[in-house]
Amino acid sequence: MDKFVFRCSKKTLLIYAAIVWMFAGGMVMKLGYEVLLAAQGYKMISVIVAIGVFLIFYFSIFSKMVHKHEKRIKNKEKERLCVFSFFDVKGYVIMACMMTLGVVIRSMSFIPPMYWAPFYVGLGTALFSAGILFVRGWMKWEQ
């Protein structure tokens, strides 16, 4: 029974990764976007900051992470993997730290929303785009 519970093909695992990354990115982007819509002024600066954050996170971190995880998944010996294995342990630790930091920043209110909102829009867009890279990997999958 154990070999059928929470297992999927390597190719399907890429879609699960895409869904998780795109969902997380969409949620983070939405948090920042809602604040920016309600804010008065500084729209152009916010857009520039969001684009800068996107470029840094997407090209320096997330795109490299996606390729690393795709390669790791493809090189696994087993054909059916745990649905949660699209990340390694380090990836889950990083994700937990980022989520915790985000919650702390918003709940403690020591950084005004107008300052973290453009960061969230850029970060969320980068996460969502990384999810699209997983979709691309899924589409290019060769057995």
Side-chain angles (χ1 to χ4, degrees), residues 1-37 39 42-143:
M1 170 106 176
D2 179 50
K3 63 182 178 179
F4 298 110
V5 178
F6 298 119
R7 302 259 179 216
C8 65
S9 71
K10 295 177 188 180
K11 183 177 180 179
T12 302
L13 191 57
L14 294 179
I15 286 298
Y16 286 144
I19 290 167
V20 169
W21 282 65
M22 292 169 78
F23 178 77
M27 295 302 289
V28 171
M29 196 183 340
K30 179 181 174 276
L31 283 169
Y33 189 68
E34 287 173 345
V35 170
L36 291 180
L37 280 179
Y42 304 110
K43 301 265 187 205
M44 186 55 85
I45 293 171
S46 295
V47 169
I48 292 168
V49 169
I51 290 170
V53 169
F54 166 79
L55 292 171
I56 291 167
F57 276 86
Y58 180 77
F59 289 107
S60 298
I61 301 170
F62 295 144
S63 64
K64 292 176 183 177
M65 227 175 169
V66 168
H67 294 300
K68 179 185 110 175
H69 288 300
E70 270 186 25
K71 185 177 179 181
R72 182 182 53 78
I73 290 166
K74 286 180 180 182
N75 291 332
K76 291 274 190 181
E77 288 184 23
K78 294 181 180 178
E79 282 306 311
R80 296 189 58 79
L81 303 170
C82 175
V83 295
F84 302 109
S85 65
F86 53 83
F87 272 160
D88 54 10
V89 173
K90 181 180 172 185
Y92 277 109
V93 170
I94 290 169
M95 181 176 66
C97 289
M98 288 178 67
M99 289 172 64
T100 302
L101 182 63
V103 170
V104 167
I105 286 172
R106 286 191 326 275
S107 65
M108 299 284 292
S109 300
F110 59 87
I111 299 175
M114 192 59 210
Y115 294 114
W116 57 254
F119 179 83
Y120 270 41
V121 171
L123 180 66
T125 306
L127 281 165
F128 190 89
S129 298
I132 292 171
L133 282 180
F134 274 115
V135 172
R136 188 182 76 181
W138 174 81
M139 290 171 41
K140 289 183 173 184
W141 186 272
E142 295 178 17
Q143 295 291 357

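Everything numeric here is computed off the predicted structure, so don't read it as measured data.
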Measuring from Phe59:CZ to Ser129:OG, what's the distance to the nearest 0.5 Å?
8.5 Å
Salt bridge (charged side-chain N to carboxylate O under 4.0 Å, His left out) pairs touching residues 87-96, sequence neighbours excluded, are Lys68-Asp88
Tell me every residue that passes side chain to side chain donor-acceptor pair (under 3.5 Å) with Lys30, counting only those two or more places apart in sequence or in another chain.
Glu34
When you measure from the side chain of Arg72 to the backbone of Phe86, do you find a donor-acceptor pair of N or O atoms at a distance under 3.5 Å?
yes
Taking every heavy atom of Met114 against every heavy atom of Leu36, the minimum-distance pair comes out as CE-CD2, 3.8 Å
Before you tell me yes or no, could you show the steps for Val66 and His69 under side chain to side chain contact (heavy atoms under 4.5 Å, CB included), namely the whole-Å CA-CA distance, both residues' side-chain angles and the distance that decides it to 0.1 Å?
CA-CA 5 Å; Val66 168; His69 288 300; over 6 Å; no
Tyr115 OH to Ser46 OG distance, which is reported to the nearest 0.5 Å:
10.0 Å
Of all heavy-atom pairs linking Cys8 and Val83, the shortest is SG-CG1, 3.8 Å
List for me each residue that meets side-chain contact (heavy atoms from CB on, under 4.5 Å) alongside Met95, sequence neighbours excluded, and say none if there are none.
Phe87, Tyr92, Met99
Results of side-chain contact (heavy atoms from CB on, under 4.5 Å) for Phe62 - residues two or more places apart only
Trp21, Phe57, Met65, Met98, Leu123, Ala126, Leu127, Ala130
One should read off an interatomic distance between Met139 CE and Leu14 CG, to the nearest 0.5 angstrom, of 12.5 Å
Decide yes or no for Pro118 and Val53: does some side-chain heavy atom of the first lie under 4.5 Å from some side-chain heavy atom of the second?
no
Take atom CH2 in Trp138; do more than 12 heavy atoms of anything else shown fall under 6.0 Å from it?
no
Tell me, please, which residues at least two apart from Leu81 pass side-chain contact (heavy atoms from CB on, under 4.5 Å).
Lys10, Leu13, Ile73, Lys76, Lys78, Ser85
Please lay out, stage by stage, how Phe134 and Met22 fare under the test side chain to side chain contact (heavy atoms under 4.5 Å, CB included).
CA-CA 10 Å; Phe134 274 115; Met22 292 169 78; over 6 Å; no
State which residues pass side chain to side chain donor-acceptor pair (under 3.5 Å) with Arg136; sequence neighbours excluded, sorted by chain then number.
none
Spacing of Met27 atom CE and Tyr120 atom OH [to the nearest 0.5 Å]:
11.5 Å
Rounded to the nearest 0.5 Å, the CD1 atom of Ile105 sits from the OG1 atom of Thr100 at a distance of 11.0 Å
